[in-house]
Amino acid sequence: MKLTGREKSSLILEGVITVILLILLNMAIVMIAQDVIQSNPGINSGIFMIKQSMRIGPMQAQIWSYQRILIAILIVIDVWVVWWRLRRRYHLYQMNHIIQELHYIAQGHLDHRIPFRLKGSEQHVIASVNALVDSAVQSMDDERKIEKSKDELITNVSHDLRTPLTSIIGYLGLIEDKQYRSEEDILKYTHIAYEKAKQMKNLVEDLFEYTKVQQHGSPVNIMKIDLNQLLEQLTASFELEAQHKGIEITSSVEPNPLMIEADPEKIGRVFSNLVANALKYGNGASYIKITARQERDRVVVKVSNDGTPIPAESIDHLFERFYRAEGSRSRATGGTGLGLAIVKSIVDLHHGDVRATSNTDETSFIVNLPLKQEQPKKKN
């Protein structure tokens, strides 16, 4: 830290004044000591005897003047006092600079940091202040992101609920106003309203599941499960739907059995969402393969299909909530845009990761999970 010209002048002036005052004080002490010794014959003779008896150094030099010893002691004390006073004043200037920087930051300049480095405890103060400002700015940014995320969530939910709700009200309104020609029209209108109502129900259920897994401290019921059994049950539950679409769905696990620690309900939702996603959007697919293999202390599960590839620009956004790679097609198939966001949230709860790859040959969603979950430490 560099001192200003005024501070340097003030520091020099204080040093000069301190030296002058110490010189005057030293002269007074020497004169008082000299007067006391000369007015007291006993002290004077005692000092003379001490000088005669003391020899210093290899040359056996004799002390001839006590004034020189006294003056030397006073000079050493003076140097220490001057150094202490100037150092104290310098530290005061340092603290003033730190306080000025704090005032500047407090006025709203949160992008500013204390730029200079000091030695000792002052540097700890600077580091703590800069770290505190960084933490405050990060917290504010996180809060803004959360608020923005909430606004987007409300906007997206409102939009996705309004579309089917408008259709439901419209078709039921036609029935209410008797604007139909036959019973077939009534059945047609009620069927459309029913399908739209199911779409709303799916959205509400997905939204509930997403908010539940996103909550801090969401409960996870960890237990040992056989991944092979879970995936076999999953393929069986989707087999009929897959057959209707001409898709062969299979699963394989290596080794068998493959035991992992997980929440069976939540981890089942992960693979169910991935298979449902493949059935909905894997246009032209002839197969859906679920493979799981153990790699050291982790398990890698891949859900693959040979349907229409996902556009490259969409891969990095697939796990964002309400994101649809093809918006019109997703709405046509009843997609809520929350399925893959739920997948990522549940995988995160299990300390794993999920990613997607897609090319003209195959589209795969790859889930990487630990075999064993870390148990929370019990408090004593």
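Treat the numbers as computed from the prediction; the structure is a model and nothing was measured.
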Quick one, Ile98 with Ile114, criterion side-chain contact (heavy atoms from CB on, under 4.5 Å). Give me CA distance, side-chain angles, the key distance, then yes/no.
CA-CA 7 Å; Ile98 294 174; Ile114 300 178; 4.2 Å; yes

Report yes or no: do [X] and [Y] belong to one cluster of Ile/Leu/Val/Met/Phe/Trp/Tyr joined by side chain heavy-atom distances under 4.5 Å?
| X | Y | answer |
| --- | --- | --- |
| Leu102 | Val125 | yes |
| Leu230 | Ile366 | no |
| Leu86 | Ile77 | yes |
| Ile175 | Ile192 | yes |
| Ile23 | Val82 | yes |

Should we say atom [atom1] of [X] is surrounded by more than 12 heavy atoms from elsewhere, each under 6.0 Å from it?
| X | atom1 | value |
| --- | --- | --- |
| Arg181 | CZ | no |
| His191 | NE2 | no |
| Met27 | CE | no |

By the definition side chain to side chain contact (heavy atoms under 4.5 Å, CB included), identify the one residue from Asn273, Val343, Leu274 that meets it with Phe365.
Leu274

With a 3.5 Å distance limit and no angle check, can you tell me whether [X] reaches the backbone of [Y] through a side-chain donor-acceptor pair?
| X | Y | result |
| --- | --- | --- |
| Asp35 | Met31 | no |
| Ser135 | Ala131 | no |
| Lys289 | Ile249 | no |
| Thr308 | Asn283 | yes |
| Thr190 | Ile186 | yes |
| Thr235 | Leu231 | yes |

Could you tell me if the side chain of [Y] sits less than 4.5 Å from the side chain of [X], heavy atoms only?
| X | Y | answer |
| --- | --- | --- |
| Val367 | Val303 | no |
| Val81 | Arg85 | yes |
| Leu165 | Ile169 | yes |
| Leu234 | Ile290 | yes |
| Asp78 | Val19 | no |
| Leu174 | Leu172 | no |
| Leu110 | Met140 | yes |
| Ser10 | Tyr93 | yes |

For Tyr171, give me all partners under side chain to side chain donor-acceptor pair (under 3.5 Å), at least two apart in sequence or on another chain.
none

Sequence neighbours left out, what passes side chain to side chain donor-acceptor pair (under 3.5 Å) with Asn277? Give chain and number order.
none

Shortest non-hydrogen separation from [X] to [Y] and the atoms involved:
| X | Y | value |
| --- | --- | --- |
| Leu371 | Met259 | CD2-O, 3.8 Å |
| Glu205 | Lys201 | OE2-NZ, 2.5 Å |
| Val275 | Ile288 | O-CD1, 4.3 Å |
| Met223 | Asn221 | CE-ND2, 3.3 Å |
| Ile225 | Pro264 | CG2-CB, 3.9 Å |
| Ala356 | Leu318 | CB-CD1, 3.8 Å |

Can you list the steps and then say if Lys344 with Asp353 is a salt bridge (Lys or Arg N to Asp or Glu O under 4.0 Å)?
CA-CA 7 Å; Lys344 186 177 187 311; Asp353 60 80; over 6 Å; no

Which residues pass the salt bridge (charged side-chain N to carboxylate O under 4.0 Å, His left out) test with Arg355, sequence neighbours left out?
none

Would you say the side-chain atoms of [X] and [Y] include a donor-acceptor pair closer than 3.5 Å?
| X | Y | answer |
| --- | --- | --- |
| Glu101 | His112 | yes |
| Tyr287 | Ser304 | no |
| Gln100 | Asn96 | no |
| Asn228 | Asn256 | yes |
| Gln373 | His350 | no |
| Asp306 | Ser286 | yes |
| Asn368 | Arg298 | yes |
| Gln199 | Tyr194 | no |

Please lay out, stage by stage, how Val301 and Leu227 fare under the test side-chain contact (heavy atoms from CB on, under 4.5 Å).
CA-CA 10 Å; Val301 184; Leu227 192 59; 3.9 Å; yes

Stepwise side-chain contact (heavy atoms from CB on, under 4.5 Å) test for Phe238 and Ser272:
CA-CA 9 Å; Phe238 281 100; Ser272 176; 3.6 Å; yes

Does a salt bridge link [X] with [Y], judged by any charged N lying under 4.0 Å from a carboxylate O?
| X | Y | result |
| --- | --- | --- |
| Glu265 | Arg269 | no |
| Asp141 | Lys145 | no |
| Arg293 | Glu254 | no |
| Lys188 | Asp185 | no |

Could you measure the distance from the NZ atom of Lys245 to the CG atom of Leu279? Nearest 0.5 Å is fine.
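Output value for this atom pair is 5.5 Å.
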
For the CG atom of Leu203 and the CE atom of Met200, what is their distance to the nearest 0.5 Å?
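Reported to 0.5 Å precision, the distance equals 8.0 Å.
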
Please determine whether salt bridge (Lys or Arg N to Asp or Glu O under 4.0 Å) holds for the pair Glu14 and Arg89, giving the CA-CA distance in whole Å, both sets of side-chain angles, and the decisive distance to 0.1 Å.
CA-CA 9 Å; Glu14 181 169 353; Arg89 177 63 64 178; 2.7 Å; yes

Apply the hydrophobic cluster definition, ILVMFWY joined by side-chain contacts under 4.5 Å directly or through others, and give me every member besides [X].
| X | value |
| --- | --- |
| Leu92 | none |
| Ile20 | Ile12, Val16, Leu24 |
| Leu21 | Leu13, Ile17 |

Trace of the salt bridge (Lys or Arg N to Asp or Glu O under 4.0 Å) decision for Glu195 with Lys198:
CA-CA 5 Å; Glu195 291 298 325; Lys198 286 200 302 182; 3.6 Å; yes

Set out, in order, the CA-CA distance, both residues' side-chain angles and the distance that settles side-chain contact (heavy atoms from CB on, under 4.5 Å) for Thr357 and Ile315, then state yes or no.
CA-CA 7 Å; Thr357 62; Ile315 290 291; over 6 Å; no

